[in-house]
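The structure appears below as structure tokens.
Per chain, numbering begins at 1; letters A, B, ... match sequence-line order. These figures come from a predicted structure and were not determined experimentally.
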2 protein chains.
Amino acid sequence: MPENPGIAAALVRLSFLVQRHYAQICAQHDLSPAQAELMCVLKDQARGLTELTRMLGVERPGLSGLVARIERRGLVRRETNPLDRRAVTVALTGRGKEITDDFYAEVSGRLRQLVAHLPADQQEQFTTTAFGILLAEEVPPIFGDAEEPGTTS
Amino acid sequence: MPENPGIAAALVRLSFLVQRHYAQICAQHDLSPAQAELMCVLKDQARGLTELTRMLGVERPGLSGLVARIERRGLVRRETNPLDRRAVTVALTGRGKEITDDFYAEVSGRLRQLVAHLPADQQEQFTTTAFGILLAEEVPPIFGDAEEPGTTS
DNA sequence: TATTGTTATACTCTATAACTATA
DNA sequence: TATAGTTATAGAGTATAACAATA
């Protein structure tokens, strides 16, 4: 029987655990999880609003408000496209970039600590399996490079 | 070097992926993620409010409102303890139990589908690693049995 | 007309502070 | 006094519906 009864509980609990750490680091940086997610998506490139609704999985009005709130804090900037004056692009400001880099590094460090007690080969196997799931689901690069895990270089 | 650069991104993205599926199934059952989480915790036993704040990681006032909203919908019931008249216990009603069982089964099924394309031994290895992380972090049984994964019976 | 965004509205979630009741 | 909960308040997140501007 290919059914694995424990894997669902493992996935759910692990996701809540990661979200809890994520949220805690957000709070330390005075960011909400949604704000942090947006900023991590913008970390390496500016994005259009429509593109962001797809990547973040939120509706337009929600994104509109989300951007407005961090724009008000000077962490993000709206840019208009002269070619299509309806379109809006969002980019991090200098200060937004700093905060995002800090946040990103801290989350990465915390999660690596989380698995630090596991043998290296088990970590690698786990990462490979996780990316196997993510690739099949076409999960957007919400966090980390768009590149693949194999790039351990 | 024991550093695994991809594992943090894997954990974050995977957690968002699971949360997305979880939230979608919540919506199908007309539940918010927080409500569903509470109900899954109550699935097999009633719990005290203080205990629930620890398990769910929320403050008392938040839990108070959360319970009030699903109580109003008849899915949950408050019970008082005659021995300590300050204490309150929360339990699922019959209808709450039905909905929770449905929800639980659907989430389990969906997540098993998510990994169905992976070979069985890779699924098992993944589950083992995940529980290794969860045990080390003492994550409460938010979803699934309090028992261990080895119980594949 | 179709698309891009924003505004209006309503509800849930969640934190802090202040309060009530019981121990 | 200390503990268990609730109420008050405020802000964030997010959905739907209605609107404005541009294509």
Consider the side chain of [X], meaning its heavy atoms from C-beta on, and name the nucleotide among [options] that approaches it most closely.
X	options	value
B:D84	C:dT3, D:dG13, C:dT22	C:dT22
B:L49	C:dT12, D:dT22, D:dG5	D:dG5
B:T50	C:dA15, D:dT7, D:dA4	D:dA4
B:P61	D:dA12, D:dT16, C:dA17	C:dA17
A:A34	D:dG13, D:dT22, C:dA15	D:dG13
A:R60	C:dT3, C:dT6, D:dA4	C:dT6
A:R78	D:dA4, D:dT6, C:dT6	C:dT6

Proximity of B:F143 and B:Y104 rings by center, below 6.0 Å: yes

- prompt: Closer to the 5' end of DNA chain D via nearest nucleotide, is it A:G62 or B:G48?
  reply: B:G48

- request: Between A:L66 and A:N81, name the one whose nearest nucleotide on DNA chain D is closer to the 5' end.
  value: A:L66

Could you state the [atom1]-[atom2] distance from [X] to [N], rounded to the nearest angstrom?
X	N	atom1	atom2	value
B:Q35	D:dG13	CD	C1'	15 Å
A:E71	C:dG5	CD	C1'	13 Å
B:L83	C:dT22	CG	P	15 Å
A:E59	C:dA10	CD	C1'	16 Å
A:M39	D:dA12	CE	P	15 Å
A:I70	D:dG13	CD1	C1'	12 Å
B:D30	D:dT16	CG	C1'	15 Å
B:R54	D:dA4	CZ	P	9 Å

Taking all heavy atoms of [X] and all of [Y], pick out the closest pair and write down the distance.
X	Y	value
B:I133	A:H117	CA-NE2, 4.2 Å
A:K43	A:L92	CA-CD1, 3.8 Å
B:T100	B:M39	OG1-CE, 3.2 Å
B:I142	B:M55	CD1-O, 3.3 Å

task: Using a strict 4.0 Å threshold on nitrogen-to-oxygen distance, state whether B:E71 and B:R77 make a salt bridge.
output: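 No, no charged N to carboxylate O under 4.0 Å.
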
task: Examine the base of C:dT4 for any acceptor or donor lying under 3.5 Å from a partner atom in the side chain of A:R86, and report the outcome as yes or no.
output: no

Please classify the nucleic acid contact of [X] as base, sugar-phosphate, or nothing, using heavy-atom distances under 4.0 Å.
X	answer
B:L38	nothing
B:L63	nothing
B:L52	nothing

- prompt: Would one find a side-chain N or O of A:R69 under 4.0 angstrom from OP1 or OP2 of D:dG13?
  reply: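 True: A:R69 side-chain N/O within range (under 4.0 Å) of D:dG13 OP1/OP2.
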
